[in-house]
Number of protein chains: 2
Amino acid sequence: MSTSESHVALAVSTVIFALRPSAEGEPELVLPLVRRIREPYEGQWALPGGPLNLHEDLAEAASRTLLETTALEPRYLEQLYAFGQLDRSPDDRVVSIVYWALVAGEEADRAIQSENVQWFSADDLPELAFDHNLIVDYALWRLRTKLEYSRIAHGFLGETFTLAQLREVYEVVLRKPVDPGNFRRMVEASGTVVPTGERLAGTPHRPPQLYRYNTSIDLSDQGPLSRLGAPRTLASTRGEH
Amino acid sequence: MSTSESHVALAVSTVIFALRPSAEGEPELVLPLVRRIREPYEGQWALPGGPLNLHEDLAEAASRTLLETTALEPRYLEQLYAFGQLDRSPDDRVVSIVYWALVAGEEADRAIQSENVQWFSADDLPELAFDHNLIVDYALWRLRTKLEYSRIAHGFLGETFTLAQLREVYEVVLRKPVDPGNFRRMVEASGTVVPTGERLAGTPHRPPQLYRYNTSIDLSDQGPLSRLGAPRTLASTRGEH
DNA sequence: TCTACTTAGAGTCATTCTGACTTTTACAAA
DNA sequence: TTTGTAAAAGTCAGAATGACTCTAAGTAGA
């Protein structure tokens, strides 16, 4: 085995999602892409990523390339899929292990924007390098599916948030209106958030309760994989007591 | 990049599930393991697998090692996860892309059994090589989770089956009794199976209707990944009209 | 100061879904 | 002909869900 130099290359890429106000003021689902500066696909947009270092964990590599290209730290990080079709790179054989991440909107404002790094609307992407359009489509599908049965929406928000903000995440990601009353009932029954006791002041209406994510609840998202030492960041990054 | 000889090695392994009658006659969930014939972990049991060939698709490699060690063809095949912790192999760095598969019980009887290939009860495994206990735990968790929201149970059965046989799959995998009436209602409402028109004769009671899997329904299990040309076998292997 | 406006938050009601259970049917074996 | 067994259809109460109403509590403007 190990056919001299012509071995299979291993890369790690990340699909990074954030919510940001669009030109019209409405928040929209966006993701950062990097422009390729070499062949193949030179000049085209692609997912941030790079080769896996020998002494680096997979999730670490995902976080690193995320930090390098966008200067952001994820509030949620999960492995998406390993893509390995024979023809996904024209000349060599590359297997890409892809992660997907959520970053808070406030963070995303501080993100790098440059000639070669730009944010795009997730539902209106250009033609990307390699099979990256398929990868983004799958990541979007996973995000939308998982949002409904798991409780990851706060990955888009800051430390504390109102139920209206949380509901807006659902509305934007799922692209459909959500009834405020039923949403409140669903969230409160799930026990995934707890009231901080404080209220958001300065609104032109009754001041809403602020909530934070309930870290004590185990939503057993990944089953036995949680034994692999929390790649899913969320509270684990920020100082939590 | 590409640090001379000390690169990251890439392997593909597969967790293969089948239902087989145990010593007591009750069917149980079993999986085949192979005994390692070299260091590290020489003599210990491990998942079937091997290195990825340069001109081989990931799912293809999974099917191949499956065929080589057990002489079986999967009725369902899906990527599980890519495992890449730094310490999972003592001396070198190995990233394993793991698949999981279902094979029909009747097939499993024809499977290879030898000194170095044996089937074990999924809930009563010995200590395995590498991180393979964790991998099997995760595969079991995925199987049990997916069985409830998706319709993959017929992956354990033959071309046609009765509702009682299908229900038994649920009972054995989920390790809990399932009400026959409610199960029938659930399955019929889902539309995932269709009656063949024939009945199973020779039973000491009213002869049950035979069903087959409804291939025309898209249960959109994997979202956009279905564009990757059906690694999920099921009907696609056997001759279907 | 009062009124209009807006969303927060609590609650109602009808429909659907779910789990536990009953009844009748159709076969084999005794 | 009787008995035993599972098939298949059906019943019923409680839980979950979607559409909707009503009151509370703030700001902004008249």
Side-chain angles (χ1 to χ4, degrees), chain A residues 21 25-27 144-145 147-151 153-154 157-158 160-212 214 219, chain B residues 21 25-27 144-145 147-151 153-154 157-158 160-212 214 219:
Chain A
E26 303 289 290
R144 288 180 171 133
T145 310
L147 193 66
E148 300 213 83
Y149 73 85
S150 184
R151 302 292 175 239
H154 43 268
L157 300 172
T160 64
F161 45 85
T162 67
L163 288 191
Q165 291 170 332
L166 191 63
R167 181 168 52 86
E168 187 172 54
V169 172
Y170 279 77
E171 294 196 321
V172 172
V173 172
L174 301 178
R175 294 173 297 183
K176 69 179 183 192
V178 176
D179 181 89
N182 295 337
F183 182 77
R184 168 182 302 275
R185 181 177 58 191
M186 181 272 284
V187 171
E188 284 177 345
S190 77
T192 45
V193 299
V194 286
T196 63
E198 307 204 333
R199 290 175 179 278
L200 181 65
T203 56
H205 54 77
R206 180 173 174 174
Q209 179 63 244
L210 283 169
Y211 292 81
R212 79 173 66 242
N214 182 0
L219 41 84
Chain B
E26 303 288 290
R144 289 181 172 134
T145 308
L147 192 66
E148 300 214 83
Y149 72 85
S150 186
R151 303 290 173 240
H154 44 265
L157 300 173
T160 63
F161 45 85
T162 67
L163 288 191
Q165 291 170 333
L166 191 62
R167 180 167 54 85
E168 186 172 53
V169 172
Y170 279 76
E171 295 195 320
V172 171
V173 172
L174 301 179
R175 292 173 299 184
K176 67 177 185 193
V178 175
D179 180 271
N182 296 337
F183 182 77
R184 167 182 303 273
R185 181 177 58 191
M186 181 272 285
V187 170
E188 284 178 344
S190 77
T192 44
V193 299
V194 284
T196 63
E198 305 206 331
R199 290 175 177 277
L200 181 66
T203 57
H205 54 77
R206 179 171 174 177
Q209 178 63 244
L210 283 170
Y211 292 82
R212 77 174 66 242
N214 182 0
L219 41 83

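Below, read A as the first sequence line, B as the second, and so on, with proteins coming before strands; counting in each chain starts at 1. As the structure is a prediction and not an experimental result, all values here were calculated from the model.
- Residues passing the side chain to side chain contact (heavy atoms under 4.5 Å, CB included) test with V178(A) are R167(A), Y170(A), E171(A), F183(A), sequence neighbours excluded.
- The distance from the CD atom of E188(B) to the OH atom of Y211(B) is 4.5 Å, given to the nearest 0.5 Å.
- Counting only residues at least two apart or in different chains, salt bridge (charged side-chain N to carboxylate O under 4.0 Å, His left out) contacts with residues 195-208 of chain B are absent.
- For the atom pair Q209(A) CD and T160(A) OG1, the distance stands at 10.0 Å (nearest 0.5 Å).
- Listed by chain and residue number, V194(A), S216(A), I217(A) satisfy the side chain to side chain contact (heavy atoms under 4.5 Å, CB included) test with N214(A) (two or more places apart in sequence, or in another chain).
- The shortest side-chain heavy-atom distance between V193(A) and F161(A) falls under the 4.5 Å cut-off.
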B/S/- along nucleotides 1-13 of chain C (protein heavy atoms under 4.0 Å) is -----BBBBS-B-

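- Looking at residues two or more places apart in sequence or on another chain, you find a side chain to side chain contact (heavy atoms under 4.5 Å, CB included) between R175(B) and D123(B), R144(B).
- Of all nucleotides in DNA chain D, those with any atom nearer than 4.0 Å to a heavy atom of chain A start and finish, going 5' to 3', at dT17(D) to dT27(D).
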